[in-house]
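A, B, ... follow the sequence lines: proteins, then strands. Residue 1 opens every chain.
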Protein chains: 2
Amino acid sequence: LNLKLDQNKLQKYKSIVRDIADQYINIHPIQRGGVLTPEAQKILLSYGDGYSMCDYCFKGRLDLIQKPPIHEFLADLATFLDMDECRVTPGSRTAMYIVMKTMAQPGDTIIIDSLAHYTTYIAAEAANLRVKEVPHNGYPEFSLNPEDYRTKIVEVKEETGKNPALVILTHVDYNYGNVNDPLPIGEIAEEFDIPYVINGAYSIGIMPISGKEVKADFLIGSGHKSMAASGPIGVLVTKQKWVDKVFERSKIQGDWSGRKFPNKEFQFLGCSPCHGAPLATLMASFPTVVERVDHWGEEVQKMHYLVEELEKIEGVKALGKQPKQHTLTQFESESFHQASERYTKKGYFLYNELKKRGIVGLHVGMTKHFKVNTYGLNWDQVRYVAAAFQEIAREQQITVS
Amino acid sequence: LNLKLDQNKLQKYKSIVRDIADQYINIHPIQRGGVLTPEAQKILLSYGDGYSMCDYCFKGRLDLIQKPPIHEFLADLATFLDMDECRVTPGSRTAMYIVMKTMAQPGDTIIIDSLAHYTTYIAAEAANLRVKEVPHNGYPEFSLNPEDYRTKIVEVKEETGKNPALVILTHVDYNYGNVNDPLPIGEIAEEFDIPYVINGAYSIGIMPISGKEVKADFLIGSGHKSMAASGPIGVLVTKQKWVDKVFERSKIQGDWSGRKFPNKEFQFLGCSPCHGAPLATLMASFPTVVERVDHWGEEVQKMHYLVEELEKIEGVKALGKQPKQHTLTQFESESFHQASERYTKKGYFLYNELKKRGIVGLHVGMTKHFKVNTYGLNWDQVRYVAAAFQEIAREQQITVS
């Protein structure tokens with residue numbers, strides 16, 4: 001059988017390398033908050049094997065392991081987010097799916113914002129739920145009005161005769177980096193007595209947030225998006241109220257053997273299989289993460305600077321709510337798009353021009369719009385990125401004011 | 001808020017270390033096949049960031065990325081297992097859940113073997129399915145009779161008026177390391193026209209297997225269990241016949257925005273979030289994995305040797321089918337259990353005695369029974385492990401013949 005595979009051709013897999021080496025500045029919109037801390041990088045090697053955290057598992061439950069101190073860590077993580085209980089999942093989308101599946105019945109309607117991550121829609125599809133979107137106000141702000149949540153809840157009640165099963169807010173959206181104040185929506189959810197879920201994939205780990213202050217029932221975070229962890233790892237925190245429902249223990253029993261698994265949380269399919277590098281790096285980076293959220297204000301200042309400098313380029317404009325409250329921004333760039341039309345490999349124009357200057361992370365193919373994330377870059381790097389865009393503009397005879 | 005967390009106390013997370021260092025021989029039953037190759041260890045650092053494989057994603061689909069050559073790799077992996085299409089998932093349990101959820105309707109019955117991994121039961125519970133177990137013949141062999149699959153299928157037809165939705169076989173079980181010939185069961189499944197799923201978490205990547213030869217519709221493998229990959233990563237391969245059904249594209253659409261995601265495979269919740277260390281290490285180890293399955297016979301010889309040597313110890317007996325066809329074995333050990341009763345920390349007796357001798361991986365608390373996996377140990381190490389057990393026995397005045 002293996003004769004069908006040519007070992008010589010397979011050898012290339014042994015030496016794949018990421019050509020974005022350390023000397024590049026990476027402005028990739030979804031990668032900045034996931035860049036590993038030095039501690040996490042160091043720990044990768046000792047915890048690289050997939051079951052490396054299970055050496056001292058006595059109870060068959062990842063969240064109860066005490067060596068390394070996973071149990072204590074999850075409690076600290078819940079405290080950090082001002083909630084009661086925490087579990088990890090293989091990615092935040094799994095956390096979202098579990099919340100939807102356990103809190104809603106197939107056919108139910110849930111309220112989501114129209115800027116939600118694609119996985120929110122898809123998790124709803126997988127859980128067989130209907131979504132009702134809260135609109136945004138369109139170009140150029142794409143902002144949500146919290147009161148529209150009330151309107152949509154009332155619509156669902158009229159259409160279905162009952163409350164929507166969940167109210168979901170994307171704390172920070174992945175297209176414009178708009179930050180939504182979660183509290184007004186939490187108050188509306190509370191008024192109607194609907195459980196409230198906040199997707200914090202682009203906020204938890206870089207921005208401060210308190211689950212209870214904003215009246216959340218569930219907060220979902222992403223280790224590899226915003227908590228300096230190697231993926232895949234998601235974080236789900238909730239209040240005591242929902243623990244038995246969402247972390248429900250297995251009741252299935254073998255009809256012949258009588259085998260049962262009453263300590264396993266079955267909606268998680270047992271222990272989340274993050275028991276190696278993902279959880280080890282999440283833990284190693286945690287002290288830094290706790291500290292870094294306090295410096296969020298300065299991180300946003302860097303994006304303010306970049307917006308100011310890039311908007312000096314004719315035809316370049318930052319989209320989303322201004323002034324920016326986040327380090328992820330989409331720019332429209334009609335002028336760069338026109339310049340790219342003169343190139344054979346149009347979609348590579350801006351990408352290549354930036355890479356020549358040591359900057360990577362722009363989506364190839366994007367010239368009319370592009371997204372940048374400055375999170376964790378130092379001021380010199382941010383200034384360099386701004387100057388690079390301006391230099392590219394000047395080379396294309398685009399006015400820089 | 002963060003005032004509730006004491007930064008001094010958090011510092012410990014920065015320096016967690018796995019105290020099972022390289023100088024130990026690890027005989028952990030579930031860890032041997034997942035030990036990283038040197039290539040995988042090397043690649044961990046460059047692909048440690050969670051989105052590190054997405055730098056050149058042009059189609060929004062992990063499985064279509066060409067740099068690094070993920071698309072080609074998945075095709076090679078399908079070829080290696082003699083099937084048509086391959087996807088990765090965050091752990092093989094997720095692959096099992098997806099197959100159950102897409103191939104069965106809630107309330108349906110599926111046939112599983114009574115030695116199945118706990119996650120097979122729990123995935124069925126999460127997918128709201130009823131399980132009908134194929135019995136084993138009990139102590140000391142715990143072996144399955146393929147014909148019992150026919151009996152159970154007929155039972156389900158009588159009880160429900162229709163075929164069970166799936167026939168599932170655990171190729172190698174995790175308790176006794178019994179290897180089941182998948183073909184006779186594949187023939188029965190084919191006779192009744194029931195899709196056939198093989199859980200190869202303890203075989204794919206260490207033993208040769210051809211999906212089509214054994215008439216499988218789905219093969220499920222585990223990167224961190226048996227393919228020398230950093231977890232979590234599972235492998236799902238299937239025939240062309242099931243691609244549209246199981247890898248179904250998303251159809252959900254935002255009711256207000258009209259947003260849709262028709263290239264995403266929604267039962268996978270979009271791209272499986274293995275786009276960093278898990279997939280990079282799976283790829284880096286693949287050439288070695290392809291090669292190593294050819295040496296399975298010699299690996300099994302090492303367990304034959306260990307069984308022979310350990311059974312020289314009075315009261316120690318290998319369970320499961322003999323002679324062993326796998327490197328994972330459970331031993332009963334009444335004599336060690338009695339010896340442990342003389343110790344204050346009974347459950348630690350055998351564990352500590354082995355650790356003193358540089359051997360780790362035994363489950364703490366297990367003395368009446370213990371499990372050992374010799375996969376990938378060299379002959380010197382296997383001989384050393386056997387001698388260590390005998391030495392411990394002699395020290396406890398247990399006869400070694």
Side-chain angles (χ1 to χ4, degrees), chain A residues 1-2 4-5 10-11 13-14 16-18 20 30-31 34-36 39 44 46-52 55 68 79 82 90-91 93 97 114 118-119 121-123 125-126 132-133 135 210 224 230-232 250 252 254-257 261 264 266-267 269-270 273 276-277 283-284 286-287 290, chain B residues 1-2 4-5 10-11 13-14 16-18 20 30-31 34-36 39 44 46-52 55 68 79 82 90-91 93 97 114 118-119 121-123 125-126 132-133 135 210 224 230-232 250 252 254-257 261 264 266-267 269-270 273 276-277 283-284 286-287 290:
Chain A
L1 227 200
N2 301 347
K4 288 193 203 164
L5 290 170
L10 298 184
Q11 295 308 309
Y13 298 128
K14 283 190 178 177
I16 55 169
V17 281
R18 195 178 185 198
I20 295 174
I30 68 173
Q31 293 186 9
V35 172
L36 299 183
E39 293 81 20
L44 258 183
S46 101
Y47 283 96
D49 285 359
Y51 286 100
S52 50
D55 291 330
T79 301
D82 198 18
R93 62 192 66 189
Y97 174 65
S114 51
Y118 86 86
T119 53
Y121 291 83
I122 280 180
E125 187 172 15
K132 167 78 82 174
E133 291 175 307
S210 152
H224 48 288
S230 184
S250 171
I252 198 169
D255 67 307
W256 175 81
S257 67
F261 317 94
K264 300 289 188 183
F266 78 95
Q267 300 286 10
L269 305 180
M283 286 172 72
F286 184 61
V290 169
Chain B
L1 227 199
N2 301 347
K4 288 193 202 162
L5 291 169
L10 299 183
Q11 294 307 310
Y13 298 129
K14 283 191 178 177
I16 56 169
V17 281
R18 194 177 184 199
I20 295 173
I30 67 173
Q31 292 185 9
V35 172
L36 298 183
E39 293 80 21
L44 259 184
S46 100
Y47 283 96
D49 285 358
Y51 286 100
S52 51
D55 290 331
T79 302
D82 197 18
R93 62 193 64 190
Y97 174 65
S114 51
Y118 87 85
T119 53
Y121 291 84
I122 281 181
E125 187 172 14
K132 168 80 83 174
E133 291 174 308
S210 152
H224 48 287
S230 183
S250 171
I252 197 170
D255 67 307
W256 175 81
S257 67
F261 317 95
K264 300 289 188 182
F266 79 95
Q267 300 285 11
L269 305 180
M283 286 172 71
F286 184 61
V290 169

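Within the model, atoms OG of B/S46 and CZ of A/R18 stand 7.5 Å from one another, a figure rounded to the nearest 0.5 Å. Atom NZ of B/K264 is separated from atom OH of A/Y121 by 14.0 Å, given to the nearest 0.5 angstrom. One finds the CG atom of B/L36 at 4.5 Å from the CG atom of A/D49 (value rounded to the nearest 0.5 Å). We find the OH-CZ distance between A/Y13 and B/F286 to be 7.0 Å, quoted to the nearest 0.5 Å.
Of all the heavy atoms in A/P273 and B/G91, the pair that sits closest is CG-CA, 4.5 Å. Across every non-hydrogen atom of A/L269 and B/A123, the tightest pair is CD2-CA, 4.0 Å. Closest approach of A/S257 and B/S114 over heavy atoms only: CB-CB, 4.5 Å. In plain terms, the two heavy atoms of B/K14 and A/A284 that are nearest each other are CG-O, 3.7 Å. Taking every heavy atom of both residues into account, B/Q31 and A/D55 meet most closely at NE2-OD1, 3.2 Å. In plain terms, the two heavy atoms of A/A126 and B/Q267 that are nearest each other are CB-OE1, 4.2 Å.
Contact tally against chain A (heavy-atom pairs below 4.5 Å) for B/D255, B/L10, B/I30: the top residue is B/D255. For the options B/G50, B/G254, B/S52, B/G231, heavy-atom pairs under 4.5 Å to chain A are most numerous at B/S52. Contacts with chain A were tallied for B/Q11, B/E133, B/E39; B/E133 has the most, counting heavy-atom pairs under 4.5 Å. The candidate with the highest count of non-hydrogen atom pairs below 4.5 Å against chain A, out of B/P68, B/G34, B/A277, B/S230, is B/S230. For chain B, the option among A/V17, A/V35, A/I16 with the highest count of heavy-atom pairs below 4.5 Å is A/I16.
Interface residue B/Y118: backbone and side-chain heavy atoms are both found under 4.5 Å from chain A. With a 4.5 angstrom heavy-atom cutoff, B/P135 touches chain A via backbone and side-chain atoms both.
Note on ring orientation: taking the six-membered ring where Trp is involved, the planes of B/H224 and A/Y51 are tilted (angle from 30° to 60°).
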